[in-house]
Student: 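Okay, handing you the structure first.
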Amino acid sequence: MTERIVVGAALYDEGRLLAARRSAPPELAGRWELPGGKVEPGERPDEALVRELREELGVEAEPIARVPGQWPLKPGYVLWVWTAKLRSGAPEPLEDHDELRWLSPDEVWSVEWLDADVPAVAAAMECR
Ligand code: DCM
């Protein structure tokens, strides 16, 4: 079986990490994630990351480096994470999210991350 890749961004700005609160589906709503989404067929994962951040947040971002590791999601899906930098725009919750928060290092564990994002965020914190 080929696993479908979901990309997530550890988007940093002035030392703070962006967290996005999901508004859907109901079982995930209210939990926080690294913004991102599914890679489409034929798309490179890093391109998918740029596209998802444009669609979901209305920003242009640049992937910097893949965070070592991959984290299982629901069956058949796996999460890959890149550190990324904001190039232009101010993130807004345009799609799938109802709140955004820039977290300083001492605030990173103040939100209720999705299960898969907990180890992914921990790994991303090592790459900042
Ligand atoms: N997902 C996750 N953590 C992320 C991004 C996505 O656990 N940082 C999960 C939520 C969904 C699936 O991946 O089950 C697909 O995400 P989306 O619905 O955003 O395409």
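Just so you know, these numbers come straight off a predicted model, no measurement behind them. One-based numbering, in listed order, for ligands and for the atoms of each.
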Student: Show me a pair-per-line table, with atom names and distances to 0.1 Å, of protein N or O atoms that are under 3.5 Å from an N or O of ligand 1.
Tutor:
{"unit_1": "ligand 1", "atom_1": "3 (N)", "unit_2": "Asp117", "atom_2": "OD1", "d": "2.6"}
{"unit_1": "ligand 1", "atom_1": "8 (N)", "unit_2": "Leu34", "atom_2": "O", "d": "2.8"}
{"unit_1": "ligand 1", "atom_1": "8 (N)", "unit_2": "Asp117", "atom_2": "OD1", "d": "3.4"}
{"unit_1": "ligand 1", "atom_1": "8 (N)", "unit_2": "Asp117", "atom_2": "OD2", "d": "2.8"}
{"unit_1": "ligand 1", "atom_1": "18 (O)", "unit_2": "Arg22", "atom_2": "NH2", "d": "3.1"}
{"unit_1": "ligand 1", "atom_1": "19 (O)", "unit_2": "Arg22", "atom_2": "NH1", "d": "3.2"}

Student: Tell me, please, whether Trp32 has Arg22 positioned over its six-membered ring: NZ or CZ under 6.0 Å from the ring centre and within 45 degrees of its axis?
Tutor: no

Student: Would a single hydrophobic cluster contain both Val78 and Val6, if residues Ile, Leu, Val, Met, Phe, Trp and Tyr are joined by side-chain heavy-atom contacts under 4.5 Å?
Tutor: no

Student: With sequence neighbours left out, write down each residue that passes side-chain contact (heavy atoms from CB on, under 4.5 Å) with Pro63, or none if nothing qualifies.
Tutor: Asp46, Leu49, Val50, Trp82

Student: Can you tell me how far apart CZ (Arg16) and CZ (Arg128) are? Round to the nearest 0.5 Å.
Tutor: 10.5 Å

Student: Can you find a side-chain donor-acceptor pair between Ser110 and Glu107 that sits under 3.5 Å?
Tutor: no

Student: How about Glu27: does its CD atom have over 12 heavy atoms from other parts shown lying under 6.0 Å from it?
Tutor: yes

